[in-house]
Amino acid sequence: MRTLLAHSLRLLIVACVALFGLSLPLDADLPRPIGQLSDYGAVFDRHDRDEIHGLLEDVRTRLGLEVYILISWESPYPTVREYADAVFGAWGLGGKNALLLVFLRAAGDWSASAVMSPSARTRLGPLDRTVIERTADLVLHDRIEEATRLVLSELQDLPSAQQPAQTQPGAGVSSAAKASPLVVILPTVGGVLILAWVVSRRVCPRCGRWLRVQPVRFRSARSRRVYSCRRCGYRR
C-alpha cells in the first residue's frame, strides 16, 4: 500500500512539473523591459538612446502617455502582432495609459506592430493603427531609427493633455471686438434713448399702464393726440 501511494504521488509530481514546464516557454522567452526603450537590436548608440529617452519623457509629460519601444531580433511567436500582444501583457501595460511599439527583425526583414491600452485609446484615439501606417515605408526599408523618431515627433505635435491649446493673438475675436469701441457703444446708447422715449410717451406715470391714444379736434380745427389711462384717468 505504501509503495502504491508513493508511486501515485510520484506520478502527480511529474504531471505537475510537466504542466508547469509547458506553461513556461511562452513567457520565459519574452524580453524584459529596459526602461521605456528596450533596444535589444542595438539600433541606437548611447547618445541616441539618451535622446530617445528624453523624447519619451516629453511625450509622457505632455500627453500623459507612456510609450514603450521594443526592438528585437528574436520571437517565439509566428507573427509580430502575437509577439506584441504577449509582450504588452507580460510587461503589465494594460492598466496604464500606455502604447507599446515593437520592431522585430526575423529572417532578415523588419516588421512592426503596436498595442495600446484601453484607457489610452479612449483618451487619444487609435494611435496604434496610425503609428503603424505612418512608419510602414520606413520599416520596409529597414530604417528603424527614423521610424522611431517619426513616431515620437508626431506624438509631440499632438495637443497637450495638461494645458489647453493656445490660440494665436486675435484668433477667435469677433469683428465687433476688433472694431472701435464707438461701434459697440453708439447702438447701445441709441437703443436706451429710444426705449426711454417710448416709456415717457406711452406709459402712464401714475400706475404704469399702457396709455390709450385718441385724436381730439379743438375749436381751432386742429387735431391733436390725447394720451389717456383707463385705470387712473390720467390724460396728456
Side-chain angles (χ1 to χ4, degrees), residues 19-60 62-158 161:
L19 290 174
F20 181 73
L22 289 175
S23 64
L24 276 181
L26 293 180
D27 291 337
D29 292 340
L30 294 177
R32 296 186 179 277
I34 310 173
Q36 288 183 255
L37 175 62
S38 302
D39 185 13
Y40 286 97
V43 171
F44 296 96
D45 59 25
R46 181 178 179 181
H47 177 270
D48 290 335
R49 281 196 295 270
D50 291 340
E51 181 183 355
I52 295 299
H53 277 296
L55 296 176
L56 290 169
E57 182 62 29
D58 183 64
V59 170
R60 178 163 56 180
R62 287 175 51 80
L63 300 180
L65 178 68
E66 297 186 42
V67 180
Y68 290 81
I69 301 173
L70 170 62
I71 304 173
S72 179
W73 286 10
E74 296 180 0
S75 169
Y77 292 85
T79 65
V80 64
R81 179 64 192 189
E82 293 177 82
Y83 183 48
D85 287 336
V87 171
F88 192 83
W91 288 7
L93 303 181
K96 301 179 179 181
N97 290 319
L99 170 67
L100 172 65
L101 180 60
V102 175
F103 296 106
L104 175 65
R105 186 172 186 177
D109 296 324
W110 285 97
S111 57
S113 184
V115 187
M116 200 171 188
S117 66
S119 59
R121 180 182 290 273
T122 300
R123 293 175 59 248
L124 301 172
L127 288 180
D128 48 349
R129 291 203 304 264
T130 304
V131 162
I132 297 304
E133 292 172 0
R134 296 288 290 118
T135 59
D137 186 64
L138 294 174
V139 173
L140 182 64
H141 292 86
D142 302 343
R143 297 157 63 181
I144 304 305
E145 181 178 351
E146 293 180 50
T148 303
R149 294 181 183 278
L150 175 63
V151 170
L152 296 179
S153 175
E154 294 198 352
L155 289 177
Q156 285 181 311
D157 291 338
L158 293 176

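Side chains are part of it too, since the values below use all heavy atoms of this structure and drop only hydrogens, waters and symmetry mates.
Ala114 approaches Leu101 most closely through the heavy-atom pair CB-CD1, 4.2 Å. For Gly64 against Asn97, the heavy-atom pair with the smallest separation is O-CB, 3.4 Å. In terms of heavy atoms, Val139 sits closest to Ala112 at CG2-CB, 4.0 Å. Minimum heavy-atom separation, Ser117 to Gly94: CB-O, 3.8 Å. Here the closest heavy-atom approach between residue Gln36 and residue Val67 is recorded as NE2-O, 2.8 Å.
Not a single donor-acceptor pair under 3.5 Å links the side chain of Arg123 to the backbone N or O of Leu65. Between the Ser72 side chain and the Tyr40 main chain, no donor and acceptor come within less than 3.5 Å of each other. Judged by distance alone, the side chain of Arg62 and the main-chain N or O of Gln156 form a donor-acceptor pair under 3.5 Å. A donor-acceptor pair under 3.5 Å is formed between the side chain of Thr79 and the backbone N or O of Glu82. No donor-acceptor pair under 3.5 Å is formed between the side chain of Arg105 and the backbone N or O of Trp73. When atom types are taken as modelled, the side chain of Ser119 and the backbone of Lys96 share a donor-acceptor pair closer than 3.5 angstrom. Panel note: side chain Asp29, backbone Pro76; no donor-acceptor pair is recorded below 3.5 Å.
Within the 4.5 Å cutoff, the side chain of Phe88 has no heavy atoms near those of the Leu70 side chain. With contacts defined as side-chain heavy-atom distances shorter than 4.5 Å, the pair Trp91/Leu30 does not qualify. The side-chain heavy atoms of Leu127 and Leu158, taken from C-beta on, include a pair separated by under 4.5 Å. When side chains are defined from C-beta on, Val151 does not count as touching Arg134, because their heavy atoms never get closer than 4.5 Å. Contact annotation: the side chain of Thr135 never approaches that of Arg143 to less than 4.5 Å [non-hydrogen atoms, C-beta and beyond]. Within the 4.5 Å cutoff, the side chain of Leu104 has heavy atoms near those of the Ser111 side chain. Here the side chains of Val43 and Phe103 are not in contact, with every heavy-atom distance at 4.5 Å or above. You'll find the side chain of Thr148 reaches within 4.5 Å of the side chain of Ile144, heavy atoms only.
The distance from the CG atom of Leu155 to the CZ atom of Arg60 is 14.0 Å, given to the nearest 0.5 Å. Taking CG from Asp50 and CG from Leu55, the interatomic distance works out to 11.0 Å, rounded to the nearest 0.5 Å. For the atom pair Asp157 CG and Glu154 CD, the distance stands at 7.0 Å (nearest 0.5 Å). In this structure, CG on Asp39 lies 9.5 Å from CD1 on Ile52, to the nearest 0.5 angstrom. Atom CG of residue Asp48 and atom CD of residue Glu145 lie 5.0 Å apart, to the nearest 0.5 angstrom.
Of the charged side-chain nitrogens involved, at least one lies within less than 4.0 Å of a carboxylate oxygen, so that Arg121 and Asp128 count as a salt-bridged pair. By the 4.0 Å N-to-carboxylate-O rule, Arg149 lies too far from Glu146 to be salt-bridged with it.
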Practice task
Begin from the C-alpha positions of Val131 and Met116 and carry the test side chain to side chain contact (heavy atoms under 4.5 Å, CB included) through to its verdict.
Solution key: CA-CA 11 Å; Val131 162; Met116 200 171 188; over 6 Å; no
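Residue Glu51 qualifies as enclosed at atom CD: its count of foreign heavy atoms under 6.0 Å is above 12.
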